[in-house]
Amino acid sequence: LRWIFNWLRVRAILRESATADIPAALPVRITAAPVQPALTGVSHPCILLPRAVLSDLSPDALEAVLAHETWHWRHRDHWWSPVHRMVEVLFWFHPLTWWLGARLNEERERACDEAVLAQGFAAEGYAACLVRICALHLRRPRLAAGEMAGSILKKRIDGILAHAPLRPCRAGHRAADG
């Protein structure tokens, strides 16, 4: 029921949001509602941004946020997340379902964070951007539209700051690692 309630609230927020003239791979919608930046929509995905993010983040930080949400779209998370939620609804009684769901959420965020860093965004700046977004969000009433709370945020920041750029793998090294 909580998932359905949040889904209905996000749909209402989308109806009241305005289209932003921000260059991105997906349409960007701006809202005054207290949400975190998020990829929303299954059939017509868009990036939903709170107005506070536009005024409080630098252009580079905003670009990193848009890149992160775009990677969710490229990974098809807007399709897999509802499937994951339905499995949780069907198997709500099994503890493994909830453990696996938490791991899937962490992996989705980690994969997008790594992709953003691989695009060349500085780890320290990107981590500071996430902390800034959380600080903005905590000043306002909560609406669960993203996955950026508590220990998940700490793990994400630690992972981002510990990120070592991946070196391209050469054929000789692949054979040696065999």
Side-chain angles (χ1 to χ4, degrees), residues 1-17 24-53 64-119 126-127 129-163:
L1 288 176
R2 183 180 61 196
W3 179 75
I4 291 171
F5 176 71
N6 282 336
W7 178 74
L8 290 172
R9 285 189 64 189
V10 169
R11 283 184 49 95
I13 289 169
L14 277 172
R15 278 192 303 272
E16 296 171 2
S17 66
L26 293 165
V28 178
R29 311 271 309 168
I30 303 298
T31 180
V35 297
Q36 296 173 359
L39 173 67
T40 62
V42 176
S43 59
H44 301 290
C46 68
I47 298 172
L48 183 63
L49 293 176
R51 187 166 283 120
V53 166
V65 169
L66 293 172
H68 177 91
E69 299 307 330
T70 300
W71 278 106
H72 277 300
W73 173 66
R74 288 180 179 151
H75 293 153
R76 304 295 185 245
D77 290 342
H78 62 297
W79 291 345
W80 292 112
S81 185
V83 170
H84 157 215
R85 296 292 180 221
M86 291 307 298
V87 169
E88 285 182 340
V89 167
L90 292 172
F91 297 101
W92 62 269
F93 53 87
H94 200 293
L96 185 60
T97 302
W98 298 100
W99 178 85
L100 183 59
R103 299 299 79 74
L104 284 171
N105 284 336
E106 287 179 24
E107 286 302 312
R108 279 189 201 111
E109 295 302 321
R110 185 192 58 75
C112 291
D113 289 340
E114 286 183 2
V116 168
L117 294 173
Q119 279 184 250
Y126 183 53
C129 169
L130 295 179
V131 171
R132 181 72 183 139
I133 290 172
C134 285
L136 290 170
H137 186 67
L138 290 175
R139 282 191 252 149
R140 309 173 99 204
R142 291 183 167 215
L143 172 63
E147 299 290 339
M148 225 203 267
S151 63
I152 293 173
L153 176 63
K154 183 178 179 346
K155 285 181 184 177
R156 284 182 68 190
I157 298 297
D158 289 345
I160 290 167
L161 293 177
H163 182 326

Check whether any side-chain heavy atom of [X] sits under 4.5 Å from a side-chain heavy atom of [Y], and report yes or no.
X	Y	value
V65	I47	no
L48	T31	yes
L130	I160	yes
K155	E109	no
C112	D77	yes
D113	R156	yes

Straight-line distance of S81 OG to R76 CZ, nearest 0.5 Å =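 With rounding to 0.5 Å, OG (S81) is 14.5 Å from CZ (R76).
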
inquiry  = Going by the rule salt bridge (charged side-chain N to carboxylate O under 4.0 Å, His left out), which residues pair with R103 if we only count those two or more places apart in sequence or in a different chain?
reply    =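 R103 satisfies salt bridge (charged side-chain N to carboxylate O under 4.0 Å, His left out) with E106 once adjacent residues are dropped.
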
Could you check whether any side-chain N or O of [X] sits under 3.5 Å from a backbone N or O of [Y], counting only pairs where one atom can act as donor and the other as acceptor?
X	Y	answer
E69	L39	yes
W73	L26	no
T97	F91	yes

task = Ignoring hydrogens and angles, state whether a donor on the side chain of R108 or N105 is under 3.5 Å from an acceptor on the partner side chain.
result =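 A pair is found: one side chain offers a donor N or O, the other an acceptor, under 3.5 Å apart.
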
query = With a 3.5 Å cut-off and no angle check, do the side chains of W71 and E114 form a donor-acceptor pair?
reply =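 Per modelled atom types, W71 and E114 side chains form no pair under 3.5 Å.
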
ask   = So S17 and I30, side chain to side chain contact (heavy atoms under 4.5 Å, CB included) or not? Walk me through it.
value = CA-CA 5 Å; S17 66; I30 303 298; 6.0 Å; no

inquiry  = Please report whether the ring centroid of H84 lies less than 6.0 Å from that of W80.
reply    =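 Distance test on ring centres: not under 6.0 Å, no.
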
task = Go through the structure and list residues passing ring pair (Phe, Tyr, Trp, His ring centres under 6.0 Å) with H94, not counting sequence neighbours.
result =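 Testing H94 for ring pair (Phe, Tyr, Trp, His ring centres under 6.0 Å), a comparison that skips the adjacent residues, returns none.
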
query = Taking everything shown except R74 itself, do over 12 heavy atoms lie less than 6.0 Å from its CZ?
reply =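 Yes, because the 6.0 Å sphere around CZ of R74 holds more than 12 heavy atoms from other groups.
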
ask   = Going by the salt bridge (charged side-chain N to carboxylate O under 4.0 Å, His left out) test, which pairs reach into residues 30-39, not counting sequence neighbours?
value =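 Counting only pairs at least two positions apart or across chains, no salt bridge (charged side-chain N to carboxylate O under 4.0 Å, His left out) contact touches residues 30-39.
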
